[in-house]
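Only this structure's heavy atoms are used, side chains among them; waters, hydrogens and symmetry mates stay out.
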Number of protein chains: 2
Amino acid sequence: MKHITIKEVAEALNCSISTVSRAFNNKSEIHPDTRERVLQVAAKMGYHPNPIARKLTQQRSYNVGVVVPEFLNPFFPEVIMGIQDVLLEKGYQVLIMQSNENDETEQKNLKTLEDNFVDGIILSLTQESKNINYLQHLINKNYPLVLFNRTNESLTVSKVLFDDYKWALFATEHLIQQGLKELVHIAGKSHLTLSKKRKQGFIDAHRKHKLPVDSSKIIETGFLVEDGIRTVMELIDNDTLPEGFFCVNDATAMGAIKALKKNGYKVPQDIAIMGFTDTPVSSMIEPPLSSVVQPSRQMGEVAAELLLRQIESKSIVIPETVVLSGSLKVRESSVKL
Amino acid sequence: MKHITIKEVAEALNCSISTVSRAFNNKSEIHPDTRERVLQVAAKMGYHPNPIARKLTQQRSYNVGVVVPEFLNPFFPEVIMGIQDVLLEKGYQVLIMQSNENDETEQKNLKTLEDNFVDGIILSLTQESKNINYLQHLINKNYPLVLFNRTNESLTVSKVLFDDYKWALFATEHLIQQGLKELVHIAGKSHLTLSKKRKQGFIDAHRKHKLPVDSSKIIETGFLVEDGIRTVMELIDNDTLPEGFFCVNDATAMGAIKALKKNGYKVPQDIAIMGFTDTPVSSMIEPPLSSVVQPSRQMGEVAAELLLRQIESKSIVIPETVVLSGSLKVRESSVKL
DNA sequence: CTGTTAGCGCCTTCAC
DNA sequence: GTGAAGGCGCTAACAG
């Protein structure tokens, strides 16, 4: 596992290492012929500039950190694919870390990345998101940072968001248009902007259609299948099931469906369900789940581009928020016949 | 974004940089008191050893590459979580790359990792897996390498496998025990050892129960939902549907169910289905999918440990194959009432 | 136990 | 257009 160094190449060519270096860095101060010759010999010897040494001199790691709350839900892997598409292309490496919806792990991940001198970080908050202060400290240091999807409004950084409010409103309206009046929103933790927006969309759809709505119709829970199950179970126990659910994501929606079916309720005949994010399995479950389609991959691409802009700019970059739009995918779970 | 260096800490302490270095490297040749003092001042100054410089001197990157064919299917993310558990603990960083089931991308990924001097690579092959020669070249160079799940028998390297043969046999037997005689195996690409083993398990279960079996009962396809759909559609078109399917993984099983239901067949009443891997959604679909439970996370942990052994050993490590076992999770899709 | 010195592999002035 | 030399931040002998 010995690696060839610039020195060996220089010796083989009987020239100085600077010449070899110049050839590899596309510098103008080198004769095209020698450049050619160097590259040829180097290739034959199997030489690559050692990226670590390069990073040392350039004081740049060419590494970018990505921190997501989890990646069992396919949403995050898809975003990461978008991020990689852009960053690998530009010669960056992507270090992926997952926080397991845990604040401590999140902070440890961020610290690890910082310690490793990553050139920037792309982050989606855990649902607890108690690390606002730590993030503020990164921002104050002018550390390149982009948040996506799960953010917090108190932070002034570049963000890539989905138009949660609008599509939550549309999704709720869709349920209302099915003739349903008694709806419940299975909501996410309210520290997250995303949860607030989706909740507000749910409320405003009611207002728009002159339907009553109050906090009893909004149940805050987590993002997992189990959270959906638990929420519905409690409603069943209290005998307070609504006519339809608008769920903060597909996982809770799937949990809701599972709990309802288990207790003999029919979806959508008895109770209609609307999810959010449209993960690939949405179409596989029974009944196929209606959901809001989110452009996951694009979200990653945009986040990567915003980060690159910060990394590669000499001056301070003004934070920018990009809001992406989606569409409604109506399948069976929300359609009253 | 300026970083504090060892020199500055040394100056602040009015000592030499070696002393600071020693304090941070837990060397014995340092007075406990000075060690303490150094660490304290360093912490106050916010100093961390620059990992890049450290890597340069140690001629080690402390980076490990993980290459998977895809990570939309939750199996791979789970394995990666296991890998990270072990490696992050040991101070390694994990670079994750995905090949999108594409050989060219796979080779590019491997090259990128090699160029970046990762200390070792953990890999699961794409289904085409035409990069055997390239891998052999890595092995010849004695590059630390571990294959998991999707391997190829011609390579002599450390591997972490699942006992595919045994569990395929058990899974098939389970179907046979439901009174089914006409079974079809939706198989994976046969370059992969995994595909061959599962296929052989399917065949031998027939032999064991004195049931006829021939190649017409084995249909080679991919690993995706679409592959399952396509396969079943063709059987429907040819009017050659069996009584049950044993599928190479959950995705194809889900595809099969989808296609069957769409065409008015009832699962398991008309046709029983058995999957493989037991992804979290298996229990969510209708009917809940019977599957073979694979210890995904553990697979990652073991792979990481095998790799560490290679990386941290001075001498050549004899390749080792670890075979993990699983269990059968019988849900509704395979049970004849 | 501590300080000095020589690299690790590369890039980048600065002479020539 | 090319070579020599210094330095990036750190570790690892080698002295003392």
Side-chain angles (χ1 to χ4, degrees), chain A residues 1-39 41-43 45-63 91 93 114-119, chain B residues 1-42 45-63 91 93 114-119 312 314:
Chain A
M1 286 255 322
K2 163 118 185 40
H3 294 120
I4 318 229
T5 72
I6 196 172
K7 202 170 151 193
E8 303 175 56
V9 178
E11 277 164 10
L13 279 154
N14 203 13
C15 73
S16 78
I17 60 167
S18 334
T19 305
V20 180
S21 172
R22 277 191 266 263
F24 271 87
N25 288 282
N26 260 318
K27 294 288 176 184
S28 46
E29 322 109 354
I30 185 174
H31 194 94
D33 291 356
T34 56
R35 201 184 101 82
E36 198 57 37
R37 216 160 48 88
V38 170
L39 257 29
V41 172
M45 298 175 70
Y47 165 78
H48 301 283
N50 182 329
I52 297 176
R54 199 173 222 168
K55 287 167 187 171
L56 221 213
T57 40
Q58 298 186 171
Q59 295 292 67
R60 287 269 305 277
S61 72
Y62 278 97
N63 279 177
Q93 270 169 205
E114 212 191 337
D115 288 356
N116 279 279
F117 292 68
V118 293
D119 297 337
Chain B
M1 284 251 327
K2 161 116 186 41
H3 294 120
I4 319 229
T5 73
I6 196 173
K7 204 172 150 193
E8 303 175 56
V9 179
E11 276 165 11
L13 280 155
N14 205 12
C15 73
S16 78
I17 59 168
S18 342
T19 305
V20 179
S21 172
R22 277 190 269 262
F24 271 87
N25 289 285
N26 259 319
K27 294 286 178 185
S28 48
E29 322 111 354
I30 185 174
H31 194 92
D33 292 354
T34 57
R35 201 183 102 81
E36 198 57 36
R37 215 160 49 86
V38 170
L39 257 29
Q40 226 157 16
V41 173
M45 298 177 69
Y47 166 78
H48 302 282
N50 181 329
I52 298 176
R54 198 173 225 167
K55 288 165 186 171
L56 220 214
T57 40
Q58 298 188 172
Q59 293 293 69
R60 288 268 306 276
S61 73
Y62 278 97
N63 278 176
Q93 270 169 206
E114 213 192 337
D115 288 356
N116 279 280
F117 292 68
V118 293
D119 297 338
E312 299 187 340
K314 298 290 155 212

- Minimum-distance nucleotide to A:Thr5 side chain [options: C:dC11, C:dG9, D:dC10]: C:dG9
- Kindly give the heavy-atom pair with the smallest separation between A:Tyr47 and A:Ile4, and that separation in Å. CD1-O, 3.4 Å
- B:Ser18/B:Ser21 under side-chain hydrogen bond (donor to acceptor under 3.5 Å, both in side chains): CA gap, chis, key distance, verdict: CA-CA 5 Å; B:Ser18 342; B:Ser21 172; over 6 Å; no
- Note on the structure: Atom NZ of A:Lys55 and atom C1' of C:dT12 are separated, to the nearest Å, by 20 Å
- B:Asn50 vs D:dC10: side-chain N/O to OP1/OP2 distance below 4.0 Å: no
- Starting from P on D:dC10, measure out to NE2 on B:His3 and report it in whole angstrom. 11 Å
- Side chain of B:Thr19 (C-beta onward), nearest among D:dT11, C:dG9, C:dT2: C:dT2
- With respect to the phosphate group of C:dT12, does any side-chain polar atom (N or O) of A:Ser18 fall under 4.0 Å of OP1 or OP2? no
- Query: If you find the nucleotide of DNA chain C closest to B:Arg35 and the one closest to B:Gln59, which residue's nucleotide is nearer the 5' end?
  - Reply: B:Arg35
- Task: Whole angstrom is fine here: how far is it from OH in B:Tyr62 over to C1' in D:dT11?
- Result: 12 Å
- Query: Got A:Phe117 and A:Asn63 here, is their nearest side-chain heavy-atom distance under 4.5 Å?
  - Reply: no
- Base, sugar-phosphate alone, or nothing: which one does B:Phe24 contact when heavy atoms must sit under 4.0 Å apart? nothing
- For B:Ile52 and D:dT11, what is the distance between atoms CD1 and P respectively, to the nearest whole Å? 13 Å
- Task: Side chain of B:His31 only, please: which of C:dC10, C:dT13, C:dC1 is the nearest?
- Result: C:dC1
- Message: Would you say A:Arg54 places a side-chain N or O within less than 4.0 Å of OP1 or OP2 belonging to C:dC11?
- Response: yes
- Query: Which residue lies toward the 5' end of DNA chain C, A:Ile6 or A:Arg22, if each is placed at its nearest nucleotide?
  - Reply: A:Ile6
- Check against side-chain contact (heavy atoms from CB on, under 4.5 Å), B:Asn25 and B:Arg54: CA-CA 11 Å; B:Asn25 289 285; B:Arg54 198 173 225 167; 3.0 Å; yes
- Task: Quantify the bending of the helix from C:dC1-D:dG16 to C:dC16-D:dG1 as the angle between its end axes, each fitted on five pairs, to 10°.
- Result: 40°
- Item | Non-hydrogen atoms of B:Arg60 and B:Lys55 that approach each other most closely | O-CB, 3.0 Å
- Query: Is there side-chain contact between A:Cys15 and A:Val20, with at least one heavy-atom pair below 4.5 Å?
  - Reply: yes
- Item | Value in whole Å for how far the C1' atom of D:dG7 lies from CD of A:Gln58 | 14 Å
- When the distance from CG of B:Leu56 to P of C:dC8 is rounded to whole Å, what number comes out? 10 Å
- Determine whether A:Asn50 and A:Thr5 make a side-chain contact, defined as any pair of heavy atoms from C-beta on separated by less than 4.5 Å. no
- Task: Give one of base, sugar-phosphate or nothing for A:Phe117, where a contact means two heavy atoms less than 4.0 Å apart.
- Result: nothing
- Which atoms form the tightest heavy-atom contact between A:Ser61 and A:Asp119, and what is the distance? N-OD1, 3.1 Å
- Task: Consider the side chain of A:Ser16, meaning its heavy atoms from C-beta on, and name the nucleotide among D:dA4, D:dC8, C:dC10 that approaches it most closely.
- Result: D:dA4
- Message: Please report the distance, rounded to the nearest Å, between NZ in B:Lys7 and P in C:dT5.
- Response: 14 Å
- Item | Atom-pair distance (CD on A:Glu8; C1' on C:dC8), nearest Å | 13 Å
